[in-house]
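The next block holds one structure in the form of structure tokens; read it before the comments.
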Amino acid sequence: MPELPEVETLKRELSKDLTGKTISHVRIRDTMIVSRQSPKKFIKRLVGKTVSEVSRRGKAIVISFRQGDHLIVQLAMTGQPNYGSALKTAKVVFELSNGQYLNYNDTRRFGRLSVIKDFDDSPFLQSLGPEPLGRDFNVKWLAKALQRRKSPIKSLLMNQSFLAGIGNIYASEILFRCGIHPQRPALSLKDNEITLLYQEIVGVLKEAIKFKGSSINTYRNTKGLKGTFHNRIQVYGKHLEKCPRCPFLIQRIFMAGRSTFFCPNCQPIRPFPAYPSTFARDGSREW
DNA sequence: CGGGGCTCCTGTGCGC
DNA sequence: TGCGCACAGGAGCCCC
């Protein structure tokens with residue numbers, strides 16, 4: 001369910017809620033959520049620990065403790081951290097020193113909580129590509145990273161070991177804003193398109209964070225409130241609706257089993273040159 | 001190594 | 001109303 005903007009929103013809230021609090025009790029109602037570790041050891045490593053910092057890496061929340069160790073929260077599709085009173089439906093409940101609770105809800109049970117000593121201990125964290133809103137991510141890096149990549153650009157944007165944090169909604173939204181067809185091979189992108197792609201990756205994610213994420217279906221913040229970026233979404237889930245920029249209808253196709261939304265006119269599979277710079281000096285087109 | 005397909009689960013919405 | 005099917009913001013594993 002949550003992608004980078006939603007997880008970033010949750011992280012900011014959890015940082016306020018949890019920093020300085022000590023875990024006094026842990027209750028695991030569904031051991032599957034902790035399946036990588038034994039529930040007993042999981043609890044033993046957390047009780048008595050004080051939260052020093054809450055951070056984010058890609059779509060994962062990282063809760064770090066003064067006494068050492070980090071709690072990695074992978075929300076997957078329906079994971080929902082909630083702060084306040086204890087919830088009976090929560091899969092895992094953390095009681096805090098101030099009498100409040102951190103609940104972990106997860107109807108589909110795909111999410112995972114794990115305690116690690118160092119980031120090196122987590123193959124998942126190790127596998128992640130750069131942060132799209134971090135210093136390592138820039139046009140030069142992107143241009144180089146797209147070289148020799150034959151895979152469709154949308155698949156690559158969603159590949160967490162390529163770039164960490166973009167999921168199914170934002171991949172479609174970013175490519176629509178760029179006018180790039182989701183099935184274009186990554187290596188076919190021209191310099192102007194790569195620059196635009198960089199700008200829209202950063203632009204869409206920042207804007208979505210500003211609006212506290214998208215609550216299309218089940219996403220809620222730690223207080224149960226919705227984000228509002230879904231009001232600004234242009235193509236995701238809008239197949240058979242009119243494109244916001246032209247008279248064509250938004251299409252849905254499936255790529256690697258995931259719904260993909262785009263405008264066949266604004267995002268042609270054979271890109272029409274968008275700018276004069278794509279014309280050669282003699283006036284002929286590159287394509 | 002890269003990338004596609006299948007799978008883990010539960011809930012919801014739709015057509016019949 | 002009820003049933004069956006399609007589909008859902010993720011990612012691990014297997015396979016070529």
Side-chain angles (χ1 to χ4, degrees), chain A residues 1-11 29-37 56-61 72-81 89-92 104-114 122-129 132 145-176 182-187 201 204-205 207-209 211-221 226-240 252-261:
Chain A
M1 142 186 146
E3 303 181 32
L4 188 152
E6 291 76 31
V7 180
E8 175 65 22
T9 303
L10 294 168
K11 181 216 88 179
R29 286 207 184 81
D30 184 346
T31 56
M32 185 185 270
I33 303 299
V34 172
S35 68
R36 301 231 148 197
Q37 285 159 304
R56 178 189 60 73
R57 185 72 177 91
K59 300 173 197 170
I61 296 169
I72 309 299
V73 182
Q74 288 181 261
L75 302 165
M77 300 288 257
T78 53
Q80 286 186 344
T89 53
K91 304 287 190 238
V92 183
Y104 178 78
N105 294 311
D106 195 339
T107 45
R108 286 179 74 180
R109 307 164 74 205
F110 286 163
R112 292 294 177 265
L113 303 184
S114 53
S122 167
F124 172 75
L125 291 182
Q126 288 301 307
S127 73
L128 293 177
L146 294 180
Q147 282 174 10
R148 289 188 292 281
R149 291 282 197 149
K150 293 178 190 171
S151 72
I153 185 63
K154 193 239 182 184
S155 303
L156 200 55
L157 289 180
M158 288 180 63
N159 180 343
Q160 302 301 296
S161 59
F162 176 76
L163 191 61
I166 296 172
N168 209 29
I169 293 179
Y170 295 102
S172 280
E173 291 302 310
I174 288 164
L175 291 173
F176 173 75
Q183 288 178 315
R184 294 259 313 274
L187 50 66
I201 288 171
V204 169
L205 294 177
E207 189 184 329
I209 291 169
F211 288 89
K212 302 188 188 300
S214 309
S215 290
I216 288 175
N217 197 356
T218 58
Y219 171 74
R220 298 292 183 276
N221 73 4
K226 295 181 179 186
T228 57
F229 190 76
H230 50 274
N231 297 321
R232 309 179 79 82
I233 274 174
Q234 308 195 74
V235 292
Y236 181 86
K238 299 195 183 291
H239 49 305
L240 302 183
R252 175 168 72 169
I253 56 173
F254 284 89
M255 294 180 61
R258 313 297 301 277
S259 277
T260 304
F261 303 88

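Chain naming here is simple, since letters A, B, ... match the order of the sequence lines and numbering starts at 1 in each. Just so you know, these numbers come straight off a predicted model, no measurement behind them.
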Sugar-phosphate, base or nothing in reach of A/Ser259, heavy atoms under 4.0 Å: sugar-phosphate
Distance between P atoms of C/dC14 and B/dC9 (Å, rounded): 16 Å
Contact under 4.0 Å: A/Arg112 side-chain N or O vs C/dA11 OP1/OP2: no
Sugar-phosphate, base or nothing in reach of A/Gly167, heavy atoms under 4.0 Å: sugar-phosphate
Identified pairing partner of B/dC9, criterion: Watson-Crick or G-U wobble below 3.5 Å: none
Span that lies between the P atom of C/dC5 and that of B/dT7, in whole angstrom: 16 Å
Of the listed nucleotides B/dG3, C/dC7, C/dG10, the one nearest the side chain of A/Glu3: C/dG10
Closest nucleotide among C/dA11, B/dG4, C/dG10 to the A/Gln160 side chain: C/dA11
Rounded distance in Å - CD (A/Gln147) to P (B/dC1): 20 Å
Short side-chain N/O contact from A/Arg149 to OP1 or OP2 of B/dG3, under 4.0 Å: yes
Spacing of A/Ile216 atom CD1 relative to C/dC7 atom C1', expressed in whole Å: 14 Å
Touch class at under 4.0 angstrom, heavy-atom based, for A/Phe124 against every strand present: sugar-phosphate
A/Asp30 side chain to A/Lys91 backbone, donor-acceptor under 3.5 Å: no
Touch class at under 4.0 angstrom, heavy-atom based, for A/Ser161 against every strand present: nothing
A/Arg36, CZ atom: more than 12 neighbouring heavy atoms under 6.0 Å: no
A/Asn168 side-chain proximity, nearest of C/dG10, B/dG3, B/dG4: C/dG10
Under 3.5 Å donor-acceptor, A/Gln160 side chain and A/Gly165 backbone: yes
Whole-Å distance separating the CZ atom of A/Arg258 from the C1' atom of B/dG5: 13 Å
Selected nucleotide, minimal atom distance to A/Gln74 side chain, candidates C/dC7, B/dG4, C/dA11: C/dA11
Reading 5' to 3' through nucleotides 9-16 of chain B, protein heavy-atom contacts under 4.0 Å coded B for base, S for sugar-phosphate only, - for none: BB------
Length of the line joining A/Leu128:CG and C/dG10:P, which is rounded to integer Å: 13 Å
Separation of atom CD1 in A/Ile153 from atom C1' in B/dG3, rounded to whole Å: 14 Å
Aromatic ring pairing A/Phe261/A/Tyr236, orientation class (parallel under 30°, perpendicular over 60°, tilted between): perpendicular
Donor-acceptor pair, side chain of A/Glu3 and main chain of A/Tyr170, under 3.5 angstrom: yes
A/Lys212 NZ: over 12 foreign heavy atoms closer than 6.0 Å: no
Sugar-phosphate only, base, or nothing, as touched by A/Pro152 at under 4.0 Å among non-hydrogen atoms: sugar-phosphate
Contact under 4.0 Å: A/Arg148 side-chain N or O vs B/dG2 OP1/OP2: no
A/Tyr219 backbone acceptor or donor facing A/Ser215 side chain under 3.5 Å: yes
Under-4.0 Å side-chain N/O to phosphate OP1/OP2 contact, A/Lys59 with C/dA11: yes
Integer-rounded Å distance: C/dG12 P and A/Gln126 CD: 13 Å
Protein-nucleotide distance (A/Phe254, atom CZ; C/dC7, atom C1'), rounded to Å: 7 Å
With A/Ile174, the side chain to side chain contact (heavy atoms under 4.5 Å, CB included) member among A/Ile166, A/Ile153, A/Ile169: A/Ile166
Atom pair distance, as rounded to whole Å: CD in A/Gln80 and P in C/dA8: 19 Å
A/Arg232/A/Glu207 salt bridge by N-O under 4.0 Å criterion: yes
